[in-house]
*Asks:* 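First the structure, which I've put down as structure tokens, then a few questions once you've had a look.
Throughout, protein chains are lettered first and strands after them, A, B, ... in sequence-line order, and every chain is numbered starting at 1. Values below: every heavy atom of this structure, side chains too, minus hydrogens, waters and symmetry copies.
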There are 2 protein chains.
Amino acid sequence: METIPKKNCSTDHEEVRRVNTVTIKDVAAAAGVSVGTASRVLSGNPATSAASRERVAAAVERLDFHPNAQARSLRSTRTRTIGLLVSDVRNQFFADLAHAVEQAALEHGYAILLGNANEREDQQDRYLNTLISQRVDGIILAPQGDGNGVIRSLLRRGIPTVFVDRTVDGIDLPSVTTDSVHGIRQAVAHLAGQGHTRIGYIAGPQSISTGRDRFTAYNQAIADNRLPKDPALVYFGDFQAASGSAGVRVLLNLDQPPTAILAADSPMAAGAVAMLHRMGSRIGTDIALVAFDDIEWFALLQPALSVISHSVEDMGRAAVDLLLQVIDGGTPESIVLPSELIVRASSSTPNHPGSVSGLRKN
Amino acid sequence: METIPKKNCSTDHEEVRRVNTVTIKDVAAAAGVSVGTASRVLSGNPATSAASRERVAAAVERLDFHPNAQARSLRSTRTRTIGLLVSDVRNQFFADLAHAVEQAALEHGYAILLGNANEREDQQDRYLNTLISQRVDGIILAPQGDGNGVIRSLLRRGIPTVFVDRTVDGIDLPSVTTDSVHGIRQAVAHLAGQGHTRIGYIAGPQSISTGRDRFTAYNQAIADNRLPKDPALVYFGDFQAASGSAGVRVLLNLDQPPTAILAADSPMAAGAVAMLHRMGSRIGTDIALVAFDDIEWFALLQPALSVISHSVEDMGRAAVDLLLQVIDGGTPESIVLPSELIVRASSSTPNHPGSVSGLRKN
DNA sequence: CGTTTCCATGGAATCGTTTCCACGATATGA
DNA sequence: TCATATCGTGGAAACGATTCCATGGAAACG
């Protein structure tokens, strides 16, 4: 009974479901070595002879052996897997980020478990629990919420985690973020230079660090440029497209509507564009528009959109670098990447001809 | 020695790295039951008393226990994980697809391992090997190549796999695809109705099923509309943006350039738009443009782009449905989703005023 | 030639679950 | 009242790798 392993019990008989469960034991047998030796060869342990290396390699090839990652990491407590949790891959920014992270991780032999929080904390927490159960080696997180949910569990368990794009107040973890201040200051100065005095702002949610940071930067820049501060010029959106549209509608219906609008992320900017079209307001002529986040589509619009650009590629790579350092027991410094205004046609027509110190379109 | 488990050996002593490795054994002890009982409670096995259910639940809560997915699936041979392999998440279509798949999978308790093949077969094969090692319960694959790589291994091993968006000739797996024929026929008929006789086509790679299908549909539609067949009007791209730009450049430099262009996917259409702008050709006036794939950005362009639309949401959900059926041992039929032309301004200006049977812009 | 060192090796314990099996208690039937 | 079915339970054997430990043989040294 026990001498014949159950693998052989279904020869060609009925169907071949779940056949081919080749284990390291089979490889060892085929190579004529012990499982210990086979394991050492497979994991590149130098304590192996050329002979057994060769024979094991041949057996692996012949049997099409793929080591069981579960068993491997159960014993070794490493999964070679990292979790990436973003708010929505449909947001081009996060898609680009996911791609960058995934490629960087791949280079280091890590696979990515991807999750979408859909800008909701409960979904984030649900995913984090999954990642904990999966025993990922580390987590790259664009966080939601105030850090009172499962994020605390991560800390308590000492699971290597880094924040990307966003941070959470009161949670001290390495992060890769963008310095919004410089880009937004440039944008406001640029618009002011074009003669705009009423610059509307479609803000992100104040529960998210980037939403707060960019709003603060906007207020600061308004003050620095000695522009009148008018709370009515600010619309609070949720970083999603529909709220960009809503923001435009509200702002344009003001008694004194803005002559320029700055949107705090790309989906809201897209929503804004859609609504401006629908309302018949010509971008770059009737109203100037600048978006935070640089995604390729903005350059294709007519007129092309001015943007505050930051390198999502760098952000992804840096996040992986940081995480790997944490996994190796380090405590790396957080990284702040720069942002930079790119002026295009959507904002380069002066508002009041005559009051201008001109910046040119590119 | 053996009576005190090693967890307790580092009390508050030095540092708390990798503390809190709570196992089901700890839960069982805390609840005063055996590990068997604890396991049954956790997995919802009905053979448990209300009393132990209660006590175990309390212990789980108190110890913040997260079952080790590795150990669990090592024993049970189920990982509750499915692999999704697309060619590039930065492509909005695949980002939308990934989101749909991920949400549908989540509803069924599955997590997603995401991979980017970057339109390259070697990266696809590399990822497939990872997925095999991870023992994912199933794979949703937008395949590359001719099916002679690792895809064969999937079949041999009987790993539940479905194709999405694309298929591979000679590999008989359930799939969810789009019927390109209808949409493309509509598009060509529409353009012909506008008076266009020279309709350029920026094709996808013929190594990919969607590239072939759509090209065939284009040829068929050209013939059906009794338009002159001119091989020079076809440019073969690679489904990426740069090749869309290249295609436009080539087509517009013909002795007899086309008056309308159909692009076989959205990145190439984006590239085409960029190049048309650069060459000063006004879309919707100088040249008509229609894109396969409906992504929200196309509606924001001025003029808005006519598209051949298909529901990526449906595609994602259907793929998950199919895969779950395969995992349950079924052999579901493949699904073909419809495509539909949406006419917008980019194609609704008649080419030769006077020859028209008018379709109106919406 | 004997002793030590070194190195590759085989065997066994282990990781944290699930699942099988046997058992004792209780409820049910005759 | 005794036999039988039912049910929850504890204990132990898997699952497939890694890793520790002891060992045997070859090489190196005296």
*Asks:* Distance criterion of 3.5 Å, no angle test: do you see the side chain of B/R40 paired donor-to-acceptor with the base of D/dG10?
*Replies:*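 Such a pair exists between side chain and base.
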*Asks:* Would you check if the side chain of A/T130 reaches a backbone N or O of A/L128 as a donor-acceptor pair within less than 3.5 Å?
*Replies:*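 Side chain of A/T130 to backbone of A/L128, a donor-acceptor pair under 3.5 Å: no, none is there.
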*Asks:* Think B/S34 has a side-chain N or O under 4.0 angstrom from the OP1 or OP2 of D/dG10?
*Replies:*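 B/S34 to D/dG10 OP1/OP2: side-chain N or O found under 4.0 Å.
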*Asks:* Would you jot down, in residue-number order, the residues of residues 68-75 of chain A having a non-hydrogen atom under 4.0 Å from DNA chain D?
*Replies:*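 Heavy-atom contacts with DNA chain D come from A/N68, A/A71, A/R72, A/L74, A/R75.
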*Asks:* Could I get the full list of salt bridge (charged side-chain N to carboxylate O under 4.0 Å, His left out) partners for B/E121, not counting sequence neighbours?
*Replies:*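 If we apply the salt bridge (charged side-chain N to carboxylate O under 4.0 Å, His left out) test to B/E121, skipping adjacent residues, there are no hits.
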*Asks:* Would you tell me whether B/D125 and B/Q144 have side-chain atoms, one donor and one acceptor, within less than 3.5 Å of each other?
*Replies:*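 No pair is found: no donor N or O on one side chain lies under 3.5 Å from an acceptor on the other.
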*Asks:* Short of 4.0 Å, heavy atom to strand atom, which residues of residues 42-54 of chain A count as contacting DNA chain D?
*Replies:*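 Of all residues in residues 42-54 of chain A, none places a heavy atom under 4.0 Å from DNA chain D.
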*Asks:* Any side-chain donor paired with an acceptor under 3.5 Å for B/D64 and A/S153?
*Replies:*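 The answer is yes; a qualifying pair exists.
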*Asks:* Note every stem involving DNA chain D: at least three consecutive Watson-Crick or G-U wobble pairs, i with j then i+1 with j-1, with both distances under 3.5 Å.
*Replies:*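 The stems that DNA chain D takes part in, listed by first number, are C:1-27 with D:4-30.
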*Asks:* Holding to salt bridge (charged side-chain N to carboxylate O under 4.0 Å, His left out), I want the full list of residues that pass it with B/E61, two or more places apart in sequence or in another chain.
*Replies:*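 Once residues adjacent in sequence are excluded, B/E61 has no partner under the salt bridge (charged side-chain N to carboxylate O under 4.0 Å, His left out) criterion.
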*Asks:* Does one side chain, of B/Q124 or B/N118, offer a donor that lies under 3.5 Å from an acceptor on the other?
*Replies:*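 Per modelled atom types, B/Q124 and B/N118 side chains form no pair under 3.5 Å.
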*Asks:* With a cut-off of less than 4.0 Å, is there a side-chain N or O of B/T37 near OP1 or OP2 of D/dG10?
*Replies:*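 Yes, B/T37 has a side-chain N/O under 4.0 Å of OP1/OP2 on D/dG10.
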*Asks:* Could you check how far CZ of A/R55 sits from C1' of C/dG10, rounded to whole Å?
*Replies:*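 Atom CZ in A/R55 sits about 15 Å away from atom C1' in C/dG10.
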*Asks:* Under 3.5 Å, is there a donor-acceptor pair linking the side chains of B/S34 and B/T37?
*Replies:*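 On atom types as modelled, these side chains qualify, holding a pair under 3.5 Å.
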*Asks:* Is it true that A/S52 and A/S49 share a donor-acceptor pair across their side chains at a distance under 3.5 Å?
*Replies:*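 A pair is found: one side chain offers a donor N or O, the other an acceptor, under 3.5 Å apart.
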*Asks:* Write down the distance between NZ (B/K25) and C1' (C/dT18), rounded to a whole number of angstrom.
*Replies:*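 My rounded result for the distance is 14 Å.
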*Asks:* Got a donor-acceptor contact below 3.5 angstrom from the A/T77 side chain to the A/L74 backbone?
*Replies:*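 Here the side-chain-to-backbone pair does not exist.
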*Asks:* Taking the nucleotide of DNA chain D with the closest heavy atom to each, which residue, A/G36 or B/S76, is nearer the 5' end?
*Replies:*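 First, find each residue's nearest nucleotide; the 5'-ward one identifies B/S76.
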*Asks:* Give every residue pair that meets the salt bridge (charged side-chain N to carboxylate O under 4.0 Å, His left out) criterion with at least one member in residues 43-52 of chain B, sequence neighbours excluded.
*Replies:*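 Not a single pair qualifies under salt bridge (charged side-chain N to carboxylate O under 4.0 Å, His left out).
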*Asks:* Atom CD1 of B/I24 to atom C1' of D/dA14: distance rounded to whole Å?
*Replies:*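 In whole Å, D/dA14 C1' lies 15 Å from B/I24 CD1.
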*Asks:* What distance do A/F65 atom CZ and B/I132 atom CD1 have between them, rounded to the nearest 0.5 Å?
*Replies:*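 The CZ atom of A/F65 sits 12.0 Å away from the CD1 atom of B/I132.
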